[in-house]
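Each remark here refers to the structure printed beneath this line.
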Amino acid sequence: MQTDPSSFFRRQTIFLTGGTGGLGGCLLFKLALKVDAHKVYVLVRGSVQRAQAQLEAMMPDEIAAIRATGKIQFIVGDVTKPEFGLDRVVLSEMAENVTVIIHSAANISLKASYRRAVDNNCLPTLWLAQFGSTFKNLTSFVYISTAFVNGFLPDGPVEERIYELGDAEQQLSDILTTGYPESLSQAQPTPPLFPSRYSFSKNLTERLLISRNPNLPLLIVRPTCIAPAISQPHPYYSRPGSCPMSTYIRQYLMAPDSGVIQVSPKHQSGSNIVDEIPVDLVANLILLHTMRGRIGIVHACSKSYVPRSLSQLHGTILAHISPHMPRDEFEYTSDCFMVEGDYARFWGIMGRDLHFSNGASKELANVRGALSMGLEGHDAAEFMATRARLVAKDVEARSIKNKL
Ligand SMILES: NC(=O)c1ccc[n+]([C@@H]2O[C@H](COP(=O)([O-])OP(=O)(O)OC[C@H]3O[C@@H](n4cnc5c(N)ncnc54)[C@H](OP(=O)(O)O)[C@@H]3O)[C@@H](O)[C@H]2O)c1
């Protein structure tokens, strides 16, 4: 087994999508500066200037060093366009040279319709897998999915595998013709339902990727909620809107709602785990599995970090926000007649009790060095508190600005 990431990545040419996103930006930083990748093609929307400005805003102190490596080639395209809108010359150059594809681009909006979610998340991935299958030297196709592809399961254990959910080809065809997966209701007649159409589109993608591409060296990585970075590219690095729990805190501070959250009878004190993992650990886990040639499905979840309960999350929000902020309490109930707060209902996962396994990544826990999975010196409670304070400070600053 290889132990030095650079000795592996120095020989890899990578095609990265979503490189201007929260996770993709962190991967780009690591590929360029931490593991010395041979070359990275980065698909970006709009223009190279736009992408560079986005990365500069997210990583002002690191972007110059990334660029200076000379290893990054931005290519302008869009995953919703035929062949990603890429030039024939670029496509054949990639087919010739690329050894690893990391597909991180997605529309992560929880409000998207089925059709939009499928057009952005499913169809492009299927095309990329088909295209990648023609590459001469492809050793790994990494698809970034989400752990909430299994949000339709009842509370309890969630394994790193595909759960039966009927005919995926038929469900895709339903969405493309009627905008709704009618045949899904036969496969899944009872709640819990999917937390969002986004998570269903990712579930569908996983099943179709596997059934259509039996020979693809496919690694599916399922992060739970992604949190800001512990340390790389820098502490608290994130892309605004890409960390669900930070957005939850922000929404709550901007307009507290009823605070009522439906939980299972077992968790009336809010003891269910709200699963989250910092983006730099997610990126390390992805690159470590890629380097070890793993094929299959892996979770990136709080078992590889620090599990935190819903009441602990709320405790942090209440304890660390500014005294000028509203401070409503939260109420956990399994009384279905109590009306849940808007945010809890919108997020759909706050009161769930899904135990994501991380068996495939247990062997990574002791990895140290450029792709360390260690937490030495990291205080998770203080980290969360600082996050809440940073969000509160920003909300307060914006509300003062709006009043001026
Ligand atoms: N954030 C989470 O908590 C979370 C949890 C589980 C799984 N995931 C998965 O992790 C992956 C990365 O998520 P993220 O948090 O980094 O999301 P993000 O910050 O919203 O970034 C999304 C990336 O995808 C790109 N993109 C979107 N639509 C595109 C299109 N039509 N053509 C080309 N590029 C497009 C965006 O480009 P622009 O910069 O041009 O918008 C951006 O680079 C996604 O696959 C997501 O489903 C995320």
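First listed ligand is number 1; within each ligand, the first listed atom is number 1.
Among all protein heavy atoms, the one lying closest to atom 21 (O) of ligand 1 is Gly21 CA, 3.2 Å. Among protein heavy atoms, the minimum distance from atom 45 (O) of ligand 1 is reached at Lys202 NZ, 2.8 Å. Nearest protein heavy-atom neighbour of atom 5 (C) of ligand 1: Thr224 O, 2.9 Å. In terms of protein heavy atoms, atom 7 (C) of ligand 1 is closest to Ser145 O, 3.0 Å. Protein heavy atom nearest atom 3 (O) of ligand 1, with residue, atom name and distance: Ile226 N, 2.9 Å. Counting protein heavy atoms only, atom 41 (O) of ligand 1 is closest to Arg45 NH2, 2.8 Å. In this structure, atom 1 (N) of ligand 1 lies nearest to the protein heavy atom Ser242 O, 2.7 Å. Among all protein heavy atoms, the one lying closest to atom 16 (O) of ligand 1 is Leu23 N, 2.9 Å.
With no hydrogens or angles considered, no side-chain donor-acceptor pair links Thr80 and Asp119 at under 3.5 Å. Side-chain contact check for Asp275 and Ser302: at least one donor-acceptor pair (N or O, by modelled atom type) lies under 3.5 Å.
Those atoms of ligand 1 that come under 4.0 Å of a heavy atom in Tyr198, given as number and element, are 7 (C), 8 (N), 9 (C), 46 (C), 47 (O). Of all atoms in ligand 1, listed by their number and element, those nearer than 4.0 Å to a heavy atom of Pro244 are 3 (O). Counting atoms of ligand 1 from 1 in the listed order, those under 4.0 Å from a heavy atom of Asp78 are 30 (C), 31 (N), 32 (N). Atoms of ligand 1 found under 4.0 Å from any heavy atom of Ala106, numbered from 1 in the order shown, are 22 (C), 24 (O), 27 (C), 44 (C), 45 (O), 47 (O). Within ligand 1, counting atoms from 1 as listed, the ones closer than 4.0 Å to a heavy atom of Arg50 are 40 (O). Residue Thr146 has at least one heavy-atom neighbour below 4.0 Å for each of these atoms of ligand 1: 6 (C), 7 (C). Close contacts of ligand 1 with Ala105, meaning ligand atoms under 4.0 Å from a residue heavy atom, involve 24 (O), 25 (C), 26 (N), 34 (N), 35 (C). Those atoms of ligand 1 with a heavy atom of Ile108 less than 4.0 angstrom away are 17 (O), 20 (O), 46 (C), 47 (O).
Residues His314 and Tyr332 bring their aromatic ring centres within 6.0 Å. Taking the six-membered ring for Trp and the full ring otherwise, the centers of Tyr198 and Phe194 sit at least 6.0 Å from each other. The distance between the ring centers of Phe148 and Phe356 falls below 6.0 angstrom. The aromatic ring centroids of Tyr305 and His378 lie less than 6.0 Å from each other. You'll find the ring centres of Tyr41 and Phe15 outside the 6.0 Å limit.
Checked by atom type and distance alone, the side chain of Lys202 pairs as donor or acceptor with a backbone atom of Ile144 at under 3.5 Å.
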- request: Apply salt bridge (charged side-chain N to carboxylate O under 4.0 Å, His left out) to the pair Arg250 and Asp394, showing each step before the final yes or no.
  value: CA-CA 9 Å; Arg250 176 177 297 276; Asp394 188 54; 2.9 Å; yes

task: For the pair Lys136 and Glu96, evaluate salt bridge (charged side-chain N to carboxylate O under 4.0 Å, His left out) and give the outcome as yes or no after the intermediate values.
output: CA-CA 6 Å; Lys136 270 185 23 200; Glu96 195 66 24; 2.6 Å; yes

task: Could you please spell out the steps behind the ring-ring contact (aromatic ring centres under 6.0 Å, His included) verdict for Tyr237 and Phe29?
output: CA-CA 11 Å; Tyr237 155 94; Phe29 165 84; 8.2 Å; no

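By the 30° and 60° cut-offs, the orientation of the rings of Trp127 relative to Phe84 is tilted.
Looking at Pro223 next to ligand 1, no N or O pair under 3.5 Å apart turns up. At under 3.5 Å, a nitrogen or oxygen of Arg239, whether backbone or side chain, sits near a nitrogen or oxygen of ligand 1.
Assignment of Asn107 to the shell around ligand 1 is not supported, since no heavy atom sits closer than 4.0 Å.
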